[in-house]
Amino acid sequence: MLDPRLMRTRIDKVASELARRAFDLDIAAFEELDGRRKEIQTLTQSLQNQRNKRSNGIGRAKAAGEDIQPLLKEVEDLGDKLRASEAELSGLQAQIQDFMLDLPNLLDEAVPAGKTEDDNEEISRWGEPAEFDFEAMDHVELGIRLQQMDFEVAAKLASARFVTLQGGLAAMHRALIQLMLDTHVQEHGYTEVYVPYLVNSDSMRGTGQLPKFAEDLFAVSNDPPLYLIPTAEVPVTNLVRDTITENGPMPLRFVAHTPCFRSEAGSYGKDVRGMIRQHQFEKVELVQIVRPGESEAGHEELTGHAETILQRLELPYRKVLLCAGDTGFSSSKTYDLEVWLPGQKKYREISSCSNFRDFQARRLSARWRNPETGKPELVHTVNGSGLAVGRALVAVMENYQKPDGCIRVPEALRPYLGGRETIG
RNA sequence: GGAGAGAUGGCCGAGCGGCUGAAGGCGCUCCCCUGCUAAGGGAGUAUGGGUUAAUAGCUCAUCGAGGGUUCGAAUCCCUCUCUCUCCGCCA
């Protein structure tokens, strides 16, 4: 959520900032709403003030043994007026809240203009895409030939966009998770957390999935509703919802491995083949809760932590800065890490690292106590995948394939696979 | 699933219709006293919102959440949520 103060004082600036995202801010509607809110709020508060004063007076008169009948007569119609005014105020406030919840975050100055991923800006490349002296297969073909990856049986069990893994691939999938967790915990200073995979709507609202993106989520029929998490970002960031972090060590760094569930509504026809886009996938997620001035540094650092995993796996990748049109709703600045996939002869997203500044924190009411002022202030939140596990498996399979269709095990994974050098 | 108990400020804990945003204690901050330590004395110490140039004033809200009764609710009534104890079931 954006700063309501900024909305009141510099709405023109907010509008021009949002225009970079091609978001059309209805200034007139906001000003109309907020103007009425101001009027009604002032009225309501003065009525409340009257009520408080009168009621106090009645209390005192009664204690003094005076006749309170005339006083009661005086306040007769106050209650109705107050009730009406309060009802109107809460209606207006709800409308303003709804309006505010639909506004995306302001973009960082560095975010390039553009509409689609074609306008993203490449920042750097690491590693050289390998030259194969045979026709490289994609992970689907490799997996099916190995008889360790099965989309058809998964469709029988669930539906399209699910997969089953067996044997070496299932083990490598798990080894990737272990490598990521160990690296982030032991070398990057993250605390591993285990969290619920079903969360309530408050949590989804806090990180920005609700109210706008309900169709991307799986909900379970429960009252009140619960949602399957689309990313560990949701439960992990919500750890600090409605809390004031007292002067302890900052930033807080959390890492969690969870499954992620996405309905992939609106992505029909996209990546229908293979494990790239599934309803269920595993991810190791990095989250930092930082002091307001430190999110930029935290964002760079966290992106580096995700890159470390790609480097350990010796997977060629590039880092891109997302353009205005491609940057997510809650983010002010996002780097994507894209891994080279020989099967597609393309770089594909394997990690997305975002700086949300105070956007999520305001929705979450996540604060820290500034020792200089003694006052609570909003924190900043930063997160990123470190990495998407399913896609990491795809990348390893395609980059480490041998002519016979077997998969060489990257050095970094061997300790987690009993020293095994090949799968298949 | 059955039976019961509870939810108040950073923590403990009073309050059960009216000068209570909330006694008292602990903790914390500042000051005084003290040769050191210990003890003692004093002051302060929630959050969000409105208005405002203002972290000045004024003002509103908040005692798990939401409704209700009342001139007035932390206190009474209803619904819900969560926590704890015992029984049952269970990975």
Side-chain angles (χ1 to χ4, degrees), chain A residues 1-11 30-101 194-206 220 222-227 235 238-250 259 292 358 360-379:
Chain A
M1 200 153 71
L2 300 178
D3 185 356
R5 198 165 292 235
L6 193 66
M7 290 289 287
R8 273 183 230 124
T9 55
R10 304 287 310 276
I11 190 146
F30 180 79
E31 288 187 332
E32 155 79 17
L33 263 179
D34 196 56
R36 280 176 59 214
R37 185 229 92 225
K38 194 165 172 173
E39 187 187 321
I40 298 302
Q41 182 158 357
T42 311
L43 174 65
T44 305
Q45 293 191 352
S46 90
L47 289 171
Q48 285 169 326
N49 183 234
Q50 276 185 56
R51 178 204 57 199
N52 292 347
K53 288 216 165 89
R54 303 280 176 122
S55 294
N56 254 315
I58 292 172
R60 256 172 304 169
K62 205 172 169 189
E66 295 166 18
D67 180 15
I68 60 168
Q69 279 312 315
L71 294 173
L72 286 181
K73 191 135 188 142
E74 269 179 48
V75 294
E76 234 171 23
D77 60 336
L78 195 57
D80 288 338
K81 276 201 223 160
L82 180 56
R83 246 185 297 279
S85 184
E86 280 176 337
E88 188 174 359
L89 179 61
S90 67
L92 284 167
Q93 281 173 332
Q95 283 183 60
I96 290 171
Q97 177 80 353
D98 290 348
F99 186 93
M100 295 291 287
L101 285 173
Y194 171 78
V195 291
Y197 302 155
L198 288 166
V199 300
N200 57 35
S201 52
D202 283 344
S203 295
M204 287 295 187
R205 195 172 307 107
V220 298
N222 190 67
D223 185 28
L226 290 173
Y227 302 87
N238 272 277
L239 289 172
V240 296
R241 170 154 55 86
D242 295 325
T243 61
I244 301 171
T245 303
E246 298 293 340
N247 43 340
M250 294 270 272
D358 62 10
Q360 291 182 327
R362 187 168 291 107
R363 290 171 165 244
L364 293 159
S365 188
R367 294 167 296 168
W368 74 300
R369 194 174 298 279
N370 185 340
E372 281 174 30
T373 60
K375 294 291 170 195
E377 294 174 4
L378 293 174
V379 297

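Everything numeric here is computed off the predicted structure, so don't read it as measured data. Every chain is numbered from 1 and lettered A, B, ... according to where its sequence line falls, protein lines coming before strand lines. Below, all heavy atoms of this structure are taken into account, side chains as well, without hydrogens, waters or symmetry copies.
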(request) Return the nucleotide paired to B:rU34: Watson-Crick means purine N1 to pyrimidine N3 with N6-O4 or O6-N4, wobble means G-U with N1-O2 and O6-N3, both under 3.5 Å. (result) none

(message) Between A:R362 and A:M1 (side chain of the first, backbone of the second, donor and acceptor by atom type, cut-off under 3.5 Å), is there such a pair?
(response) yes

(message) From C-beta outward on A:N56, which listed nucleotide comes closest to its side chain: B:rC19, B:rC71, B:rG48?
(response) B:rC19

(request) Pick the P atom in B:rG57 and in B:rG40, then give their distance to the nearest Å. (result) 34 Å

(request) Side-chain contact test, heavy atoms from C-beta onward, threshold under 4.5 Å: evaluate it for A:I244 versus A:R367 and give yes or no. (result) yes

(request) If B:rA39 has a Watson-Crick or G-U wobble mate with both distances under 3.5 Å, name it; if not, just say none. (result) none

(message) Could you tell me how far B:rA5 sits from B:rC89 if I compare only their P atoms? Round to whole Å.
(response) 24 Å

(request) Classify every nucleotide of nucleotides 53-67 of chain B by which part a protein heavy atom approaches to under 4.0 Å, writing B for the base, S for the sugar-phosphate alone and - for neither, in 5'-to-3' order. (result) ------SSS------

(request) Please state how far atom CZ in A:R369 lies from atom C1' in B:rU29, giving the value in whole angstrom units. (result) 12 Å

(request) Please examine the side chains of A:L43 and A:E88, heavy atoms only from C-beta on, and report whether any two atoms are closer than 4.5 Å. (result) no

(message) Quick check: closest heavy atoms across A:Y227 and A:N200, and the distance to 0.1 Å?
(response) CD1-C, 4.3 Å

(request) Taking only the side-chain heavy atoms of A:V75 (C-beta and beyond), determine which of B:rC71, B:rG48, B:rG50 contains the nearest atom. (result) B:rC71

(message) Between A:N49 and A:S46, do the side chains contain a donor N or O and an acceptor N or O under 3.5 Å apart?
(response) no

(message) Distance check, C1' atoms only: B:rG25 and B:rG18, in whole angstrom units.
(response) 27 Å

(request) Find out whether A:N238 and A:V199 are in side-chain contact, i.e. whether some heavy atom of one side chain is under 4.5 Å from a heavy atom of the other. (result) no

(request) Mind checking A:P224 for me? I need base, sugar-phosphate or nothing, with any heavy atom below 4.0 Å counting as a touch. (result) nothing

(request) Quick one: look up who B:rG18 pairs with, Watson-Crick or G-U, both distances under 3.5 Å, and put none if it's unpaired. (result) B:rC71

(message) Please enumerate all residues that pass side-chain contact (heavy atoms from CB on, under 4.5 Å) together with A:T44, with sequence neighbours excluded.
(response) A:I40, A:Q48, A:L82, A:S85, A:E86, A:L89

(request) May I have the distance from A:W368 (atom CH2) to B:rG10 (atom P), rounded to whole angstrom? (result) 18 Å

(request) Please report, rounded to the nearest Å, how far the C1' atom of B:rG18 is from the CG atom of A:L71. (result) 13 Å

(request) Using the C1' atom on both, measure B:rA54 against B:rG66 and round to a whole Å. (result) 37 Å

(request) Taking the side chain as every heavy atom from C-beta outward, state whether A:P292 and A:W368 have any pair of such atoms under 4.5 Å apart. (result) yes

(message) Would you compute the distance between atom CG of A:L71 and atom CD of A:E66 and round it to the nearest 0.5 angstrom?
(response) 8.0 Å

(message) Strictly distance-based, threshold 3.5 Å: is any side-chain N or O of A:R363 a donor or acceptor partner for the main-chain N or O of A:L101?
(response) yes

(message) Please compare A:R83 and A:K38 by the position of their nearest nucleotide in RNA chain B and report the one closer to 5'.
(response) A:K38

(request) Mind calculating the distance between CG (A:D67) and P (B:rC71) to the nearest angstrom? (result) 15 Å

(message) What's the closest nucleotide to the side chain of A:K62 if the choices are B:rC71, B:rG50, B:rC19?
(response) B:rC71

(request) Would you mind reporting whether A:Q93 and A:I96 have side-chain heavy atoms less than 4.5 Å apart? (result) no

(request) Starting at atom CD of A:Q93, determine the distance to atom P of B:rG48, rounded to an integer number of angstrom. (result) 16 Å

(message) Rounding to an integer number of angstrom, what distance separates B:rG72 and B:rC19 when you compare their C1' atoms?
(response) 13 Å

(message) Could you tell me the Watson-Crick or G-U partner of B:rU51, where both distances fall under 3.5 Å? Say none if there is no partner.
(response) B:rG57

(request) Please give the nucleotide sitting opposite B:rC80 as a Watson-Crick or G-U wobble pair, both distances under 3.5 Å, or none. (result) B:rG64

(request) Please list residues of residues 197-205 of chain A whose heavy atoms come under 4.0 Å from any atom in RNA chain B, ordered by number; otherwise none. (result) none

(message) Quick check for you: to the nearest 0.5 Å, what is the distance between A:I58 atom CD1 and A:L72 atom CG?
(response) 4.5 Å

(request) Write down the partner of B:rG44 under the Watson-Crick or G-U wobble criteria, each distance required to be under 3.5 Å. (result) B:rC28

(request) Please state how far atom CG in A:D242 lies from atom C1' in B:rG10, giving the value in whole angstrom units. (result) 16 Å

(message) Using atom P in both nucleotides, what's the gap between B:rU8 and B:rC76 to the nearest angstrom?
(response) 16 Å

(message) Between B:rC33 and B:rG24, how many Å separate the two C1' atoms, rounded to a whole number?
(response) 25 Å

(request) Return the 5'-most residue of the pair A:Q41, A:P376 with respect to RNA chain B, ranking by each residue's nearest nucleotide. (result) A:P376

(message) Roughly how many Å apart are B:rC58 and B:rG17, using the C1' atom of each and rounding to a whole number?
(response) 28 Å

(request) Hunt down the Watson-Crick or G-U wobble partner of B:rC86, both distances under 3.5 Å, from any strand shown, or write none. (result) B:rG2

(request) Just compare B:rC71, B:rU47, B:rG50 and give me whichever is closest to any side-chain atom of A:S55. (result) B:rC71

(request) Could you tell me which nucleotide pairs with B:rA91 by Watson-Crick or G-U wobble geometry, both distances under 3.5 Å, or answer none if nothing does? (result) none

(request) Check whether any side-chain nitrogen or oxygen of A:R37 sits under 4.0 Å from OP1 or OP2 of B:rG49, and answer yes or no. (result) no

(message) From CZ of A:R8 over to P of B:rU52, roughly how many Å is that when rounded to an integer?
(response) 10 Å

(request) Write down the distance between CD (A:E74) and P (B:rC71), rounded to a whole number of angstrom. (result) 14 Å

